[in-house]
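Below you'll find the structure, written out as structure tokens, and then a few comments.
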Amino acid sequence: MRREFLGFDRGSGRPGVRNYVLIVPTVVCSLGASMAARKALERLSGFGGVVRLLLNMHGCGQVGEDLEQTTRTLINTALNPNVYGAVVVSLGCESVDAERVADSIAREKPVEFVRIQDHGYAKSVDLIVEKARRLAEEAVKLQRRSFDASQLVVGLECGGSDWTSGLASNPVVGEVSDMIVNAGGTTIISEVPEFIGAEHLYAARAVNDDVRKAILDAVRWYEEWVKREARVDFRGAQPSPGNIAGGITTIEEKSLGAIKKSGSAPVKGVLKFAERVPGPGHYLMITPGFDTESVTGMVAGGAQLVLFTTGRGTPTGHAVAPVIKITANKETYEKLNDMIDIYVGTVLEGTETIQQAAKRLYEFMLEIASGKPTKAELLGQEDFGIFRIAPTL
């Protein structure tokens, strides 16, 4: 059955499920002026909810692939379909090539540029406000219209997992992932370190030997990288104390539960952190298990929204994408109702099958895509965090 959602037309690209103007500080040194401008815009009636800010804590003292990764994340987050246009805010001497960031965004959508060292602090804040307000005035003229659900790119995430996650909420999300892919849409799973012990099962779904090798290489690289940089054996550090308190006993048990979010669709490719997804189907993105950075990578990759399972509860959200919180833990749902969007513990209670709960979640997801706010959005959770892979100079 053809399913639809109400989104914002972005011309030849995928539609947005939100319609934001994004302030993009290219370095932490330009974050203060950007935050001051955002606060000023919040006081202007009609624009506070339209303008969002990336809390970029990096952008200088970086080299090589690490610098490229930060630059890619900033560009591709602004290119997410949920963003109408962007104001790029540079200090003027940072490692990130701010002009490259602005030029790359400008190839697809409206962009403005402010360099603080050209104007001073107060004048720069005024310019950011002026430019963001002008873009917001254009953005609010757009109206939602109907799009086929095959236009959705959905990130798959888990955090604060407990014994209910692998038994119910992750399998339900996996079923939804298959529904999205079977309808012509796209899903992305991440959190590579949480594949350890179950990576061979996920790799067996690769569309060819190259993708299979890339999956196994990604897991090995992450484990060796953690050993080298942090001198920690990841296998001895997982499951986390919070997971153990939630009833998870081994890293293999945690990993088997985590990959259930990916359903059963063939794996079409492995993406670098924040790399844009090339087409429909199911993909793996190389990210850490840290929720904020993992979600940031997938949203930069093009995810318009994120399905996030949790056993113990978390308020996590994102600056430009709605994050739908799902739990199968009844106590968590009742106690943390202001953070959790939907309850699927009905599977454990025997009142719904996994397939029935998945259909309910799928319909709820289309409501969110059509404009209904998530609990994270109502709480004002606008998280953003870039994964670092090298030391700061």
Side-chain angles (χ1 to χ4, degrees), residues 58 61-77 95 155-159 161 186-240 243 250-262 265-278 281-303 385-393:
H58 305 304
Q62 295 179 263
V63 293
E65 176 57 26
D66 190 51
L67 176 61
E68 179 58 30
Q69 183 160 283
T70 292
T71 304
R72 180 171 68 242
T73 307
L74 297 174
I75 293 170
N76 288 349
T77 303
S95 299
L156 311 171
E157 179 74 16
C158 60
S161 299
T186 307
T187 62
I188 309 170
I189 192 171
S190 55
E191 303 181 286
V192 163
E194 298 192 3
F195 280 52
I196 292 175
E199 66 267 35
H200 59 295
L201 299 175
Y202 184 77
R205 289 163 43 197
V207 293
N208 57 44
D209 288 342
D210 288 343
V211 173
R212 177 181 172 280
K213 182 176 184 302
I215 293 168
L216 297 176
D217 285 351
V219 176
R220 289 193 197 101
W221 171 83
Y222 201 99
E223 188 173 9
E224 292 302 316
W225 178 73
V226 171
K227 281 182 183 175
R228 185 175 64 251
E229 299 296 330
R231 299 180 182 179
V232 169
D233 182 353
F234 191 86
R235 293 174 189 252
Q238 289 288 330
S240 70
N243 296 147
T250 65
I251 187 172
E252 291 83 2
E253 184 182 327
K254 181 175 178 178
S255 296
L256 286 168
I259 66 170
K260 290 296 287 184
K261 300 192 304 293
S262 66
V267 185
K268 293 189 71 174
V270 177
L271 308 172
K272 294 191 286 188
F273 183 87
E275 181 181 358
R276 297 177 87 180
V277 66
H282 174 72
Y283 293 83
L284 168 67
M285 177 177 286
I286 302 173
T287 80
F290 177 37
D291 303 332
T292 300
E293 293 182 355
S294 179
V295 170
T296 292
M298 291 189 290
V299 173
I386 300 176
F387 174 35
R388 292 289 308 273
I389 53 176
T392 300
L393 301 182

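Keep in mind the model is a prediction, meaning the values are calculated, not measured. Numbers for residues simply follow the sequence, beginning at 1. Atom set for the values below is all heavy atoms of this structure, side chains included, hydrogens, waters and symmetry mates excluded.
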Closest heavy-atom contact between E293 and P288? OE1-CG, 3.2 Å

Check the pair V192 / T287 against side-chain contact (heavy atoms from CB on, under 4.5 Å), numbers first and verdict last. CA-CA 6 Å; V192 163; T287 80; 6.0 Å; no

Full working for side-chain contact (heavy atoms from CB on, under 4.5 Å) between H200 and V219: CA-CA 10 Å; H200 59 295; V219 176; over 6 Å; no

Quick one: side-chain hydrogen bond (donor to acceptor under 3.5 Å, both in side chains) partners of N208, sequence neighbours excluded? none

Under the rule for salt bridge (Lys or Arg N to Asp or Glu O under 4.0 Å), what residues qualify as partners of E157, not counting sequence neighbours? none

Name all residues meeting the side-chain hydrogen bond (donor to acceptor under 3.5 Å, both in side chains) criterion together with E68; count only those two or more places apart in sequence or in a different chain, and write none if there are none. R100

Drop me the distance from K261's NZ to S190's OG, to the nearest 0.5 angstrom. 7.0 Å

Answer yes if the side chains of E191 and S294 hold a donor-acceptor pair under 3.5 Å, and no otherwise. no

Nearest 0.5 Å please: distance from the CG atom of L284 over to the OG atom of S262. 9.0 Å

Can you name the residues that form a salt bridge (Lys or Arg N to Asp or Glu O under 4.0 Å) with K272, not counting sequence neighbours? none

Here the pair of heavy atoms bringing A214 nearest to V270 is CB-CG2, 3.7 Å

So, for V267 and V211, which heavy atoms are closest and what is the spacing to 0.1 Å? O-CG1, 3.6 Å

Only counting residues at least two apart or in another chain, list the ones meeting side chain to side chain contact (heavy atoms under 4.5 Å, CB included) with V63. L393

For the residue pair I389 and Q69, what are the closest heavy atoms and their distance? CG2-NE2, 3.9 Å

Does anything in residues 200-212 pair up under salt bridge (charged side-chain N to carboxylate O under 4.0 Å, His left out), and if so which pairs, sequence neighbours excluded? none

Non-neighbouring partners of Y283 that pass ring-ring contact (aromatic ring centres under 6.0 Å, His included), sequence neighbours left out: none

Would you please name every residue forming a side chain to side chain contact (heavy atoms under 4.5 Å, CB included) with S255, sequence neighbours left out? A198, I251

Among residues at least two apart in sequence or on other chains, which ones pass side chain to side chain contact (heavy atoms under 4.5 Å, CB included) with A274? R72, T73, A300

One should read off an interatomic distance between I189 CD1 and K260 NZ, to the nearest 0.5 angstrom, of 11.0 Å

Taking only residues two or more places apart in sequence, or in another chain, which ones meet N76 in a side-chain hydrogen bond (donor to acceptor under 3.5 Å, both in side chains)? none

Supply the atom-to-atom distance Y222 OH to E194 CD, rounded to the nearest 0.5 angstrom. 9.0 Å

Partners passing ring-ring contact (aromatic ring centres under 6.0 Å, His included) against W221 (at least two apart in sequence or in another chain): W225

Rounded at 0.5 Å granularity, tell me how far CZ in F387 sits from CG in D66. 9.0 Å

Partner of F195 by side chain to side chain contact (heavy atoms under 4.5 Å, CB included), out of L201, I259, L256, L216: I259

Partners of H58 by ring-ring contact (aromatic ring centres under 6.0 Å, His included), sequence neighbours excluded? none

Value for CE (M298) from CD1 (I188), rounded to nearest 0.5 Å, stands at 7.0 Å

Can you give me the closest heavy-atom contact between C158 and D291, atom names plus distance? O-OD1, 3.2 Å

